[in-house]
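See below for the structure under consideration.
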Amino acid sequence: MNRWDNLKYQRIAKVRLKGNEYHIEFENGDAVDMPVDFAIPAHVRKFAMEDFTFNSFELIIPAEPFDIEIPWDKIRINSDVEFSRYMAQKAEEQAKGVGERIKLLREKKGLKSLELADRSGLTPQTISRIENGRTDVPYQTLQKILVSMGYDLSDLAGNLDEETDDRNMPSLLRRLAKSGIDAQFLRTKIWPATLHNALSQQRGVLPDMLLNEAASYLSNIFGWTSKEIWSGDDLIIRSKPAEMAFFKRPANSNLNQIKAYSHYAFRLGQLVLNASITEKKFEYPTNVTEFRKFLINHYGEINLDNVLEYAWDLGICVLPLSDSGIFHGAAWNINGKHVIVLKQNTQSHARWIFDLLHELYHVFAHLSEKNTSVVETEELSPFASQDTIEEREANSFANQVVFDGQAEALAQQCVAEAGNIENLKKTISKVSKQTNIREDFLSNYIAFRLNYQGENWWPTAQKLQVTEPNPFEVVKARLENRINLLKLNPIESNLLTTALN
Amino acid sequence: MRAIKGTNFNVYVYPEDHAPPHCHIRYKGQQAESLVGLPLLNLLAGPVPEKSILKTLQANTKRLMKLWEQLNPTSINQTEEQS
């Protein structure tokens, strides 16, 4: 509550004339000296400043042809800087509000600005200026615009009988974009193609059935009620998964976008856990050596299939995503159950395996806790400048599993034996055969290492990568074997299927 | 200047008043005034008016806006671009 909402702030207790000033006392004890010149408008010639009267909310000075009435807020605005600033801000908001409301009504009618200009007899520039919040628009101009769309001035205040319910797609899209959810993401990941096509083919007012369906997908992911979705207010992402455990906020990134995508990925993770038909078969390993030994003895060589199989057998679900953007993976503990999200744009199995092992470490690090969250906002690499101890440990875990604790020694051996960068590829293949460590792992590690030293060896390293079959498809196939979509409702099933396709 | 006389409230619009365009709702009894923006009927100061009062304002939006402009001519740019 602001102090100007208070009766005593508003009410005038006493007024007296003191030279050329009115000395006005308010009930809250404030006193204001208002020059007579300020009180009397310039065009008023005949007035009797001594014969003033006042009531609780105004000072009245007899004048011709009409008495001058000065309300409490006009007196206050010249003496209370905060109140004056507040009103200036409200004036700006109000003008913007009028513009937004006109735009909304125009869009509800499916009209373009040019069409509205044509209908109302105004220039497109005038329409644009008003929609952008011009402050000094005569009511006749507003009336002209509104009447040309079949509305009236009173429609600017909306429907007072209903809760604010703006079932309006352009407004929803704008508010979603503000929350980090852009139209392309909606089209490709949230709304199924059939719904999106139906929405885009409609012009003007959209049928309620379509709007309800569109809203139900958003509700399912972001937990917003239908009332919130259509309220016209900002859509806030109340995201536990995004709030917890950001290791780093990447420079120049849109925090809303990370939050929105993290929440989306988290919801998909929940759906995978709900749809999972897999049981935990083995106890969690207690250290990296045990993990590596069990992996090799039970599943065979270290490849994507085997690490995935082991993860699932530990009761850890693994979901692949392929969207671009700043989210690079996550490990969530949701009510004691674990889900890993992998998001890689490369086809390199070695990179996918590294990321999976890295996230597995995060799972193992938080086994004794419930509802923990790790969201990777940077691409993972063994040499990235990670901010936290846990990130460094996760990298170290992945390297130890892959290289059996010899990553650095093997890298140095390769560099020493090669003598120069041109021979590196051949040497890596040789060392790989001698040590039984895959050459894609070795070349990746060395490429990251050289990159760290300012050398770009990626084009050669890429030639040594295993890229077939497509790793996304490998992770997806494993997931599809371990879940039953019938355990989800149709909206949830659609969301997961869309994410995987 | 009183613009609307209700049963337990009156609505006032003042000349040479400050921005944004607004009216005052003065209630009978010991209650602070509500300052309500025109034409959106957004609350600027004071208590939230009852819906029935807002409906009265909404029904009189055109009259209130017209009165505001008559009493506050300098707040409005009377030149508009015709196409």
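By convention in this document, chain letters (A, B, ...) are assigned in the order of the sequence lines, proteins followed by strands, and residues within each chain are numbered from 1. FYI, side chains are in, hydrogens and waters are out, and symmetry mates aren't considered; it's all heavy atoms of this structure. Quick caveat: nothing in here was measured; it's all calculated off a predicted structure.
Side chains of B:His24 and B:Asn10: no donor on one and acceptor on the other come within 3.5 Å.
Most heavy-atom pairs under 4.5 Å with chain A: of the set B:Met65, B:Lys66, B:Glu33, this distinction falls to B:Glu33. Of the residues considered (A:Asn78, A:Leu153, A:Asp73), A:Asp73 shows the highest number of contacts with chain B, using heavy-atom pairs under 4.5 Å. Between chain A and the residues B:Pro39, B:Ser34, B:Ala19, the largest count of heavy-atom pairs under 4.5 Å involves B:Pro39.
Heavy-atom distances place no part of A:Ile68 under 4.5 Å from chain B, backbone and side chain included. For A:Tyr86, the part sitting under 4.5 Å from any heavy atom of chain B is the side chain, from C-beta outward, and nothing else. With a threshold of 4.5 angstrom between heavy atoms, A:Glu92 does not approach chain B through any atom at all. If you measure heavy-atom distances from A:Leu156 to chain B, the contacts under 4.5 Å come from both the backbone and the side chain. Contact annotation for B:Leu38: only backbone heavy atoms (N, CA, C, O) come within less than 4.5 Å of a heavy atom of chain A. Looking at A:Gln94, both its backbone and its side chain come within 4.5 Å of chain B, counting heavy atoms on both sides.
For the pair A:Arg3 and A:Phe83, the cation does not sit on the ring face, since its NZ or CZ is not both under 6.0 Å from the ring centre and inside 45° of the axis.
Under a 4.0 Å N-O distance rule, the pair A:Asp155/A:Arg101 does not qualify as a salt bridge.
A:Asp234 places no side-chain N or O within donor-acceptor distance of the main-chain N or O of A:Ile236, the cut-off being under 3.5 Å. A distance-only check finds a donor-acceptor pair linking the side chain of A:Ser120 to the backbone of A:Leu116 [under 3.5 Å].
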